[in-house]
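Any value given below was found using the heavy atoms of this structure, including those in side chains, with hydrogens, waters and symmetry copies removed. Chain letters run A, B, ... following the sequence lines, proteins first and then strands; every chain starts at 1.
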There are 2 protein chains.
Amino acid sequence: MDTRERLIESTRELLWERGYVGTSPKAIQERSGAGQGSMYHHFHGKPDLALAAISRSAEDMRSRAEADFTRPGTVVERISTYLRRERDALKGCPVGRLTQDPDVMADPRLRRPVEETFAWLTGRLAELLAEGRANGELDAGIDPAATAAALTAVVQGGYVLARATGSANVFTQATDSALALLRR
Amino acid sequence: MDTRERLIESTRELLWERGYVGTSPKAIQERSGAGQGSMYHHFHGKPDLALAAISRSAEDMRSRAEADFTRPGTVVERISTYLRRERDALKGCPVGRLTQDPDVMADPRLRRPVEETFAWLTGRLAELLAEGRANGELDAGIDPAATAAALTAVVQGGYVLARATGSANVFTQATDSALALLRR
DNA sequence: GTCTATACAAGGATAGAC
DNA sequence: GTCTATCCTTGTATAGAC
């Protein structure tokens, strides 16, 4: 991995662990093993580097989700695969957590990948739910868009709850329960 | 409101808007109108003042929820009151957001009110759900604890989604959808 | 109780040598 | 491309006068 790459990956980790406000250039340099001048040679500053890191995390999140969504199986099975995929619930969502970062939300460039990711995710889930409703797998009365919002919220809120209580178990309780309610 | 009180309230606002890491003593002084020496006279430092602010926000959140839970009406009505209560979804949850603050989570004193609030909230919802299951309002097959986790997660995740997409509407979609799934 | 002065580390970045 | 030196601001706190 070259220096530029190490800078991006280290920034991704730090943004995940400490957020944008809590991550200093110095911390990035230390974690990546790059020097002061090296970092400012590859990137214009903290926001520029953060944009690269956030964009990559956003793409990563989408491609993982899409892999679950396109697996063979029924709609409910595919949604179940997504909801029950192994996650380190106590670490939280690397993209969702940026939502609490005032300096990220205040900068349209940094904010955009976050916005796009969640718009895409709920849209994609709504498509699946509409498909399940059409083929009779799901109740004819469900609202695909609203249900997609609820499922996405359960995942994001599951992270919050897990971190708050210090227990990864509540994440599983929440997502399993959402699935059970959906299946009925 | 005396100085001590203004310091606490200003800190509550800033923690809500910018989190612990993003809130400086200077910003607190400016917002509260208190001087440097005044702040350090009333509190030992940033963590001490933050503890007062966090504790109050936690109590506030619990008492609002309890007011909804003890209203007259069926279990589903009371849960519905709680879920549909007016909130500024774009501001997020003042307690839930602290979950993303590394320095809060790392300090057991600051962390405790957050932990207790969510343990209490899920426990209380589980009691209500068990009551509804017992009196036939809810499906006999539901798991109160797991469903409580899902409902709490929908609210917390609804905030995340609303902030991510910039639309308070998704919060309502998510909570309404959760209620609809519960009612069936 | 509140104010001002002072202190010192950390955040964030630029300049120029190599 | 990377290193070191340097710069100015902000964060966080203490000391002592009023």
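With respect to B:Arg6 and B:Glu9, no salt bridge is recorded, no charged nitrogen being found less than 4.0 Å from a carboxylate O. Ion pairing between a basic and an acidic side chain is recognised when a charged N comes within 4.0 Å of a carboxylate O; A:Glu127 and A:Arg124 show such pairing. Remark: B:Asp60 engages B:Arg64 in a salt bridge, criterion side-chain N to carboxylate O under 4.0 Å.
When heavy atoms are screened at a 4.0 angstrom cut-off, B:Gly35 is found touching the sugar-phosphate backbone but no base atom.
Screening residues 129-184 of chain A for ring-ring contact (aromatic ring centres under 6.0 Å, His included) gives A:Tyr159-A:Phe171 as the qualifying pairs, with residues at least two apart or on separate chains.
The phosphate of C:dA10 has neither OP1 nor OP2 within less than 4.0 Å of any side-chain N or O from A:Lys26.
In terms of the side chain to side chain donor-acceptor pair (under 3.5 Å) criterion, residue partners of B:Asn135 (sequence neighbours excluded) are, by chain and number, B:Glu137.
The distance from atom CZ of A:Phe43 to atom C1' of C:dA13 is 16 Å, rounded to the nearest whole Å. Taking atom CD of A:Gln36 as the reference point, atom P of C:dA10 lies 14 Å away to the nearest angstrom. In this structure, B:Lys46 places its NZ atom 14 Å from C1' of C:dA9, rounding to the nearest Å.
Atom CZ of B:Arg109 has 12 or fewer heavy atoms from other residues, nucleotides or ligands within 6.0 Å.
Residue order along DNA chain C, read from the 5' end via each residue's closest nucleotide, puts B:His42 first among B:His42 and A:Val21.
Taking 4.0 Å as the cutoff to heavy atoms of chain B, we find the contact window on DNA chain D bounded by D:dG11 to D:dT14.
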